Visitor: 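First the structure, then my questions, so here it is.
In this text the structure is predicted, and so the values were computed from the model without any measurement. Sequence lines set the chain letters: A, B, ... in the order given, protein chains first and strands last, and positions in each chain run from 1.
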Number of protein chains: 2
Amino acid sequence: MTAHGMQGEPEVLLTPAEVASLFRVDPKTVTRWAKAGKLSYIRTLGGHRRYPEAEVRALLGAATTSDDDAKKD
Amino acid sequence: MTAHGMQGEPEVLLTPAEVASLFRVDPKTVTRWAKAGKLSYIRTLGGHRRYPEAEVRALLGAATTSDDDAKKD
DNA sequence: CTAAATTTGGGTAATTCGGGCG
DNA sequence: TATGTCCGAATTACCCAAATTT
């Protein structure tokens, strides 16, 4: 790969509102996912949660594009 | 504002009730379309389905005003 | 430091899920 | 085959006030 010796990638963090918009759910629901351990997160010094974009993107990528395994007739 | 870097496609998702209203059917029917592979969808971390608005709009736009589309299965 | 917007937490209604029936 | 409805269980949405972030 092509890393110039970069260790520790810039972990892009998303706010609850961002994640909620992506999933079309309420920010509160995202909080529940975090509490349930379904979503990784870090906390700010004030106690707010921040979510890694990579994780969220991966979860959103689990779409069923019309016909993955469509059986033809 | 947040200029965090816009590069993802604004994938607007709709809830089952939204899609159902647009098609004038029960949400259950929308679920069946999804299961049948006729409609793509993603799942929330809780298992609920969310449908891409673009896909739904495209399907809604496939209206038939003439009988030239009289093809069915 | 002040101000506006967001997030947190708890509790309750609405929605969705899944299977089965007509 | 396709759609609508019933049921129970799970998930999600909206209500509030206080704290945090920018």
Visitor: Describe the nucleic acid contact of B:Arg32 in one word from base, sugar-phosphate, nothing, applying a heavy-atom distance below 4.0 Å.
Guide: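 Counting heavy atoms under 4.0 Å across all strands, the contact made by B:Arg32 includes a base.
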Visitor: Provide the Watson-Crick or G-U wobble partner of C:dT2, both distances under 3.5 Å; none if there is no partner.
Guide: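 Pair assignment: C:dT2 / none.
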Visitor: Roughly how far apart are A:Arg49 CZ and A:Leu39 CG, rounded to 0.5 Å?
Guide: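 Result: 10.5 Å between the selected atoms.
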Visitor: Round to the nearest Å and state the distance from A:Ile42 atom CD1 to D:dT21 atom P.
Guide: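 Between P of D:dT21 and CD1 of A:Ile42: 12 Å.
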Visitor: Kindly say if A:Thr31 contacts the phosphate of C:dT8, meaning a side-chain N or O under 4.0 Å from OP1 or OP2.
Guide: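 Looking at the OP1 and OP2 atoms of C:dT8, one of them is under 4.0 Å from a side-chain N or O of A:Thr31.
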Visitor: Looking at B:Trp33, I'd like to know whether one of its side-chain N or O atoms comes within less than 4.0 Å of OP1 or OP2 on D:dA2.
Guide: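 The answer is no; no side-chain N or O of B:Trp33 sits under 4.0 Å from OP1 or OP2.
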Visitor: Let me know, please, whether B:Arg43 or A:Pro16 comes out on the 5' side of the other along DNA chain C by nearest nucleotide.
Guide: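 Closest to the 5' end, via its nearest nucleotide, is A:Pro16.
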Visitor: Rounded to the Å, how far apart are B:Lys35 NZ and D:dT1 P?
Guide: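 One finds 16 Å between P of D:dT1 and NZ of B:Lys35, rounded.
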Visitor: Rounded to the nearest 0.5 Å, what's the gap from OH on A:Tyr51 to CH2 on A:Trp33? Could you check?
Guide: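 CH2 of A:Trp33 is found 9.5 Å from OH of A:Tyr51.
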Visitor: Can you tell me how far C1' of D:dA13 sits from CZ of A:Phe23, to the nearest Å?
Guide: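 To the nearest whole Å, that distance equals 17 Å.
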Visitor: Rounded to the nearest Å, what distance is computed from the CG atom of residue B:Leu45 to the C1' atom of nucleotide D:dT12?
Guide: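 It is 13 Å, rounded to the nearest whole Å.
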Visitor: Indicate yes or no: at least one non-hydrogen side-chain atom of B:Val30 is less than 4.5 angstrom from one of B:Phe23.
Guide: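 Not in contact.
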Visitor: CZ of B:Arg49 versus P of C:dC17: gap in Å, rounded?
Guide: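 So the two atoms are 5 Å apart, to the nearest Å.
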Visitor: Quick check against the 3.5 Å criterion: does A:Thr29 have a side-chain atom that pairs as donor or acceptor with the backbone of A:Val25?
Guide: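 Judged by distance alone, no pair lies under 3.5 Å.
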Visitor: Whole angstrom is fine here: how far is it from CG in A:Asp26 over to P in C:dG9?
Guide: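 Atom CG in A:Asp26 sits about 14 Å away from atom P in C:dG9.
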Visitor: Does a side-chain N or O of B:Thr29 approach OP1 or OP2 of D:dA2 to a distance below 4.0 Å, or not?
Guide: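 False: B:Thr29 side-chain N/O out of range (4.0 Å or more) of D:dA2 OP1/OP2.
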Visitor: Does B:Gly47 or A:Arg50 map to a spot on DNA chain D nearer the 5' end, using the closest nucleotide for each?
Guide: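 Whichever sits nearer the 5' end wins; that is B:Gly47.
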Visitor: For A:His48 and for A:Pro27, find the nucleotide of DNA chain D with the closest heavy atom, then tell me which residue's nucleotide is more 5'.
Guide: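 Result of the comparison: A:Pro27.
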Visitor: What is the distance, to the nearest angstrom, from the NZ atom on A:Lys28 to the C1' atom on D:dA17?
Guide: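 One finds 11 Å between C1' of D:dA17 and NZ of A:Lys28, rounded.
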Visitor: Could you tell me the Watson-Crick or G-U partner of C:dC21, where both distances fall under 3.5 Å? Say none if there is no partner.
Guide: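 Pair assignment: C:dC21 / D:dG4.
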Visitor: At less than 4.0 Å, is any side-chain N or O atom of B:Thr44 found next to OP1 or OP2 of D:dT11? Yes or no.
Guide: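 Answer no for this pair, as no side-chain N or O of B:Thr44 is under 4.0 Å from OP1 or OP2.
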Visitor: Please give, in whole Å, the distance from D:dA13 C1' to B:Glu18 CD?
Guide: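 Taking atom C1' of D:dA13 as the reference, CD of B:Glu18 is at 13 Å.
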Visitor: Using only atom types and a distance under 3.5 Å, with no angle test, would you say the side chain of B:Arg50 pairs donor to acceptor with the backbone of A:Arg24?
Guide: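 Flag set: sc B:Arg50 to bb A:Arg24 pair under 3.5 Å.
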